[in-house]
A.B. asks: 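One structure coming up, written as structure tokens, with questions to follow.
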Amino acid sequence: MGIKVYNSLTRKKEDFVPTAEGRVLMYVCGPTVYALSHIGHARSAVSFDVIYKYLKYKGFKVKYARNYTDVDDKIINRANEEGVGAKDLAERYIKAFDEDMEALRVELPDIRPKATETIGRIIEVTEGLIKRGYAYELDGDVYYSVRLKKDYGKLSGKNIDELESGARVGVDERKKDPLDFALWKSSKPGEPSWDSPWGKGRPGWHIECSAMCMEWLGETIDIHGGGKDLIFPHHENEIAQSEAATGKTPYAKYWLHNGFVNIEREKMSKSLGNILNIRDVLKDHTSEAVRLFLLSSHYRSPIDYSKDSLKDAEAAMDRFYKTVQRIGAEYPDALKIEFCVPCIEDRFQPIFEAMDDDFNTAEVIGIIFKEVNRANRIMDEAKASGKPSGLVDLSCIIFVFREAGKFLGLFTRNPEEYFSEKNSRAALPPEEIERLIKERNDARKNKDFKKSDEIRDGLLQKGIVLEDSPKGTTWSVKG
RNA sequence: GGCGGCGUACCCAAGUGGCAAGGGAGCAGUCUGCAAAACUGCCAUCCAGCGGUUCGAAUCCGCUCGCCGCCUCCA
């Protein structure tokens, strides 16, 4: 069975068949680097990270590019406000974005082009469009003429005449058509600029992606991705200019768009002041819980960020690693498994089916937690019967976790590592907690349960939960 | 107004024609000094509402209601 993907272009789920067998060219629109990246950027990056990983896992040779838009009005404005150079500002936020991605365990794409490093190709494509009559120059600006291709609007399902009637008046009287968009903008003094046949200037937004695609991947690619909001006008314009420039259709065979992240039921927006930066989220939650949250719904659905949903994700993550920790303690040999053909053929089948169906990570996570439950049950039953059976099943479960982890980017760490990240946020220093645990256990030995309970309750109030076991007392940070 | 999407238990969320995954919360039990964790049981005869197609629908079709996104920079 092959992979099916929902294609925004046809509004249908289709069999995924790359143009060249076994090889996938994939481009995803990256951030405009003028501010810290927010949770919405994280969702896009994580969604396509999983798609990238899964395609590779299934044996495709994938070439994946994600760009940085590092020249643009917003960057220039912000740089002017701060009194720094546009390039310095962009570099600063590229670095910040990369750090956020690393924290979320998003794998680096094979190619990470910058608009400013693709100027040559941008100019070349723009010239080509003028030559073919699809673009025209006006005093150092170059515009793409939207009217000339009959299929303009095919991605977003929009009709030029209707767009026309709703278009803002007087935006630029010189344009042949209000919907025409800039391929090249002449620069004002002090703005970043490059020499071009039309004088000093800089690229428009849409053209850079087309040019970067051509430069690094080719004239026709298999997957083009980005957030839903990019469908119009960005991706619509990309299609128009790329197909006009190359004469080849389609520019991209499959268009994949991820849904939005809402904050407490509201859209993130500057006016509402509810933009949630990735690093602020990571202050309150482990990176893996954030990733689990993002992958717990299908990538095309909107998701709602709330304190509760993140708490849920964190509780689920704790449950997972607690179980792995227990397997490690009770069946250390289970962790030694390297490869298991029957596991792949048997238990892993539903996971493949879910992933093949338009990358249904939510379904996969459901299956993983069923396995978590199974593992605990096996261990409980073995304990109850006094027979330490179950090694084979538990090995298989560990193997399933590891394999799924390869493309989910979840469930892959040592429990110790996971809990140490989590416990580093404890309200008390670990030494202090250990001291109190010892004090409490001394009290317990003396049957002074009043005192021992007081200590435990005191720690709980600070968000620290104690667990007693025959092997001793462990602590963890709650929620 | 145009285009697109969504509405599944207390909350989150899969399921898109054949008896409603999973997580969290809650309740009861086992375990425990008591807890916590884990396990077991309970928790949607029903999938916004109303019609229709079908042997059979949460899943397909129509209508109604409610919510959301895009149409302007935006992941």
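Lettering follows sequence order; numbering is per chain, from 1. All values derive from a computational prediction rather than experimental measurement.
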A.B. asks: With rounding to whole Å, what would you report as the distance between B/C3 and B/U8 at their P atoms?
C.D. replies: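 The same atom, P, in both gives a distance of 26 Å.
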A.B. asks: Rounding to the closest angstrom, what is the interatomic distance between B/A48 and B/C6 at atom P?
C.D. replies: 12 Å
A.B. asks: C1' atom, B/G15 versus B/C46: distance in rounded Å?
C.D. replies: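 The same atom, C1', in both gives a distance of 14 Å.
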A.B. asks: Using the side-chain contact (heavy atoms from CB on, under 4.5 Å) rule, pick out the option among A/L428, A/V465, A/I433 that qualifies with A/W475.
C.D. replies: A/I433
A.B. asks: B/C12 P sits how many Å from A/I365 CD1, rounded?
C.D. replies: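 One finds 17 Å between P of B/C12 and CD1 of A/I365, rounded.
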A.B. asks: Please state whether the rings of A/Y321 and A/F419 are parallel, tilted or perpendicular, taking 30° and 60° as the class boundaries.
C.D. replies: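 Plane angle over 60°, so perpendicular.
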A.B. asks: B/C67, B/C34, B/G24: which one has an atom nearest the side-chain heavy atoms of A/A315?
C.D. replies: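 Of all the options, the side chain of A/A315 is nearest to B/G24.
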A.B. asks: Could you check which of B/G2, B/A38, B/U40 has an atom nearest any side-chain atom of A/N373?
C.D. replies: B/U40
A.B. asks: Ignoring hydrogens and angles, answer whether the base of B/G2 and the side-chain atoms of A/N159 contain a donor-acceptor pair closer than 3.5 Å.
C.D. replies: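 Absent.
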A.B. asks: Hey, is the side chain of A/R319 pairing donor to acceptor with the base of B/G23 inside 3.5 Å?
C.D. replies: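 It does not, because no donor-acceptor pair links the side chain of A/R319 to the base of B/G23 below 3.5 Å.
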A.B. asks: Students often get this wrong, so: under 4.0 angstrom with heavy atoms, is A/K158 touching a base, only sugar-phosphate, or nothing?
C.D. replies: base
A.B. asks: Closer than 4.0 angstrom, basic N to acidic O: yes or no for A/D380 and A/K383?
C.D. replies: no
A.B. asks: When rounded to the nearest Å, what value does the distance between C1' atoms of B/G52 and B/G69 take?
C.D. replies: 30 Å
A.B. asks: So, A/F369 and B/G22: ring centres less than 5.5 Å apart, planes less than 30° off, yes or no?
C.D. replies: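 So no, this residue does not stack on that base, at least one cut-off failing.
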A.B. asks: Applying the Watson-Crick and G-U wobble criteria at under 3.5 Å, what pairs with B/C27? Answer none if nothing qualifies.
C.D. replies: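 Pairing partner: B/G41.
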A.B. asks: Taking atom P of B/A75 as reference, at what distance in whole Å does atom CG of A/N258 sit?
C.D. replies: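 These atoms are roughly 11 Å apart.
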A.B. asks: Classify the side chain of A/D72 versus the base of B/C74 as yes if they form a donor-acceptor pair under 3.5 Å and no if they do not.
C.D. replies: no
A.B. asks: Could you tell me how the ring of A/F320 sits relative to the ring of A/F411: parallel (under 30°), tilted (30 to 60°) or perpendicular (over 60°)?
C.D. replies: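 Geometry flag for A/F411 against A/F320: tilted rings.
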A.B. asks: Rounded to whole angstrom, note down the P distance from B/A36 over to B/G29.
C.D. replies: 12 Å
A.B. asks: Tell me the interatomic distance from A/K154, atom NZ, to B/G2, atom C1', rounded to whole angstroms.
C.D. replies: 20 Å
A.B. asks: Would you say the side-chain atoms of A/D318 and A/Y418 include a donor-acceptor pair closer than 3.5 Å?
C.D. replies: yes
A.B. asks: Measure the distance from CD1 on A/I455 to P on B/G33 and round it to the nearest whole Å.
C.D. replies: 18 Å
A.B. asks: Can you tell me the Watson-Crick or wobble partner of B/A35, both distances under 3.5 angstrom?
C.D. replies: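 Because no pair has both required distances under 3.5 Å, B/A35 counts as unpaired.
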A.B. asks: What's A/R326 touching, base or sugar-phosphate or nothing? Going by heavy atoms closer than 4.0 Å.
C.D. replies: sugar-phosphate
A.B. asks: Between A/G157 and A/V372, name the one whose nearest nucleotide on RNA chain B is closer to the 5' end.
C.D. replies: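 Upstream on the strand: A/G157.
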A.B. asks: B/C65 pairs with which nucleotide, Watson-Crick or G-U wobble, both distances below 3.5 Å?
C.D. replies: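 WC or wobble partner is B/G7.
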A.B. asks: Mind checking if A/R43 touches a base, just sugar-phosphate, or nothing, with heavy atoms under 4.0 Å?
C.D. replies: nothing
A.B. asks: Using a 4.0 Å heavy-atom cut-off, does A/D308 contact any base of the nucleic acid, only the sugar-phosphate backbone, or nothing at all?
C.D. replies: nothing
A.B. asks: Which value, in whole Å, describes the distance between the P atoms of nucleotides B/C19 and B/A58?
C.D. replies: 11 Å
A.B. asks: Grab the CG-P distance between A/L295 and B/A13 for me, whole Å please.
C.D. replies: 14 Å
A.B. asks: Rounding to an integer number of angstrom, what distance separates B/G7 and B/U53 when you compare their P atoms?
C.D. replies: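 25 Å, rounded to whole Å.
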A.B. asks: Classify the ring geometry of A/Y68 against A/F97: parallel below 30°, tilted from 30° to 60°, perpendicular beyond 60°.
C.D. replies: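 Aromatic pair A/Y68/A/F97 classed perpendicular.
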A.B. asks: Among B/G33, B/C71, B/A75, find the nucleotide with the atom closest to the side chain of A/D229.
C.D. replies: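 Looking only at heavy atoms from C-beta outward on A/D229, the closest nucleotide is B/A75.
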A.B. asks: If you check the A/R440 side chain, which of B/C70, B/C73, B/G33 turns out closest?
C.D. replies: B/G33
A.B. asks: Please evaluate the base of B/C34 for a donor-acceptor partner in the side chain of A/R456 within a cut-off of under 3.5 Å?
C.D. replies: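 Counting by modelled atom types and ignoring angles, a donor-acceptor contact under 3.5 Å is found here.
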A.B. asks: Verify side-chain contact (heavy atoms from CB on, under 4.5 Å) between A/I94 and A/K114, making sure each step is shown before the conclusion.
C.D. replies: CA-CA 10 Å; A/I94 286 174; A/K114 294 173 190 166; 3.8 Å; yes
A.B. asks: NA contact type, A/G227, heavy-atom cut-off 4.0 Å: base, sugar-phosphate, or nothing?
C.D. replies: sugar-phosphate
A.B. asks: The side chain of A/H41 is closest to which nucleotide in this list: B/G33, B/G5, B/A75?
C.D. replies: B/A75
A.B. asks: Tell me which nucleotide among B/A36, B/C73, B/C34 gets nearest to the side chain of A/K74.
C.D. replies: B/C73
A.B. asks: Which one is paired to B/C55, where only Watson-Crick or G-U wobble pairs with both distances under 3.5 angstrom count?
C.D. replies: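 Paired with B/G18.
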A.B. asks: For atom P, what is the distance between B/G24 and B/U32, given to the nearest Å?
C.D. replies: 24 Å
A.B. asks: Starting the side chain at C-beta, find the nucleotide from B/C74, B/C34, B/A13 nearest to A/W205.
C.D. replies: B/C74
A.B. asks: A/M268 has a side chain; which of B/A38, B/C39, B/A75 sits nearest to it?
C.D. replies: B/A75
A.B. asks: Under 4.0 angstrom, heavy atoms only, what part of the nucleic acid is A/S309 near: base, sugar-phosphate, or nothing?
C.D. replies: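 Result for A/S309 = nothing.
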A.B. asks: Does A/H38 or A/N262 map to a spot on RNA chain B nearer the 5' end, using the closest nucleotide for each?
C.D. replies: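 Looking at RNA chain B, the more 5' nearest nucleotide goes with A/N262.
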A.B. asks: Show the numbers, then the answer: is there a side-chain contact (heavy atoms from CB on, under 4.5 Å) between A/T361 and A/F407?
C.D. replies: CA-CA 10 Å; A/T361 54; A/F407 48 84; over 6 Å; no
A.B. asks: When the distance from CD1 of A/I231 to P of B/C74 is rounded to whole Å, what number comes out?
C.D. replies: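 A/I231 atom CD1 is separated from B/C74 atom P by 13 Å.
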A.B. asks: Between A/F260 and B/G69, do the rings stack, that is, sit under 5.5 Å apart with planes less than 30° off each other?
C.D. replies: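 Aromatic stack with B/G69 absent for A/F260.
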A.B. asks: For the atom pair CG (A/D177) and CD1 (A/I160), what is the distance rounded to the nearest 0.5 Å?
C.D. replies: 7.0 Å
A.B. asks: Using the side-chain heavy atoms of A/S452, tell me which of these nucleotides is nearest: B/C71, B/A38, B/G33.
C.D. replies: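 Nearest nucleotide to the side chain: B/G33.
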A.B. asks: Which of these nucleotides, B/C39, B/G15, B/A75, is closest to any side-chain atom of A/N360?
C.D. replies: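 Of the candidates, B/G15 comes closest.
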A.B. asks: Could you check how far CZ of A/F232 sits from P of B/C3, rounded to whole Å?
C.D. replies: 14 Å
A.B. asks: May I ask which nucleotide in the shown strands pairs with B/U72, Watson-Crick or G-U wobble, both distances under 3.5 Å?
C.D. replies: none
A.B. asks: Taking atom P of B/C3 as reference, at what distance in whole Å does atom CG of A/L230 sit?
C.D. replies: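 After rounding, the gap between these two atoms is 22 Å.
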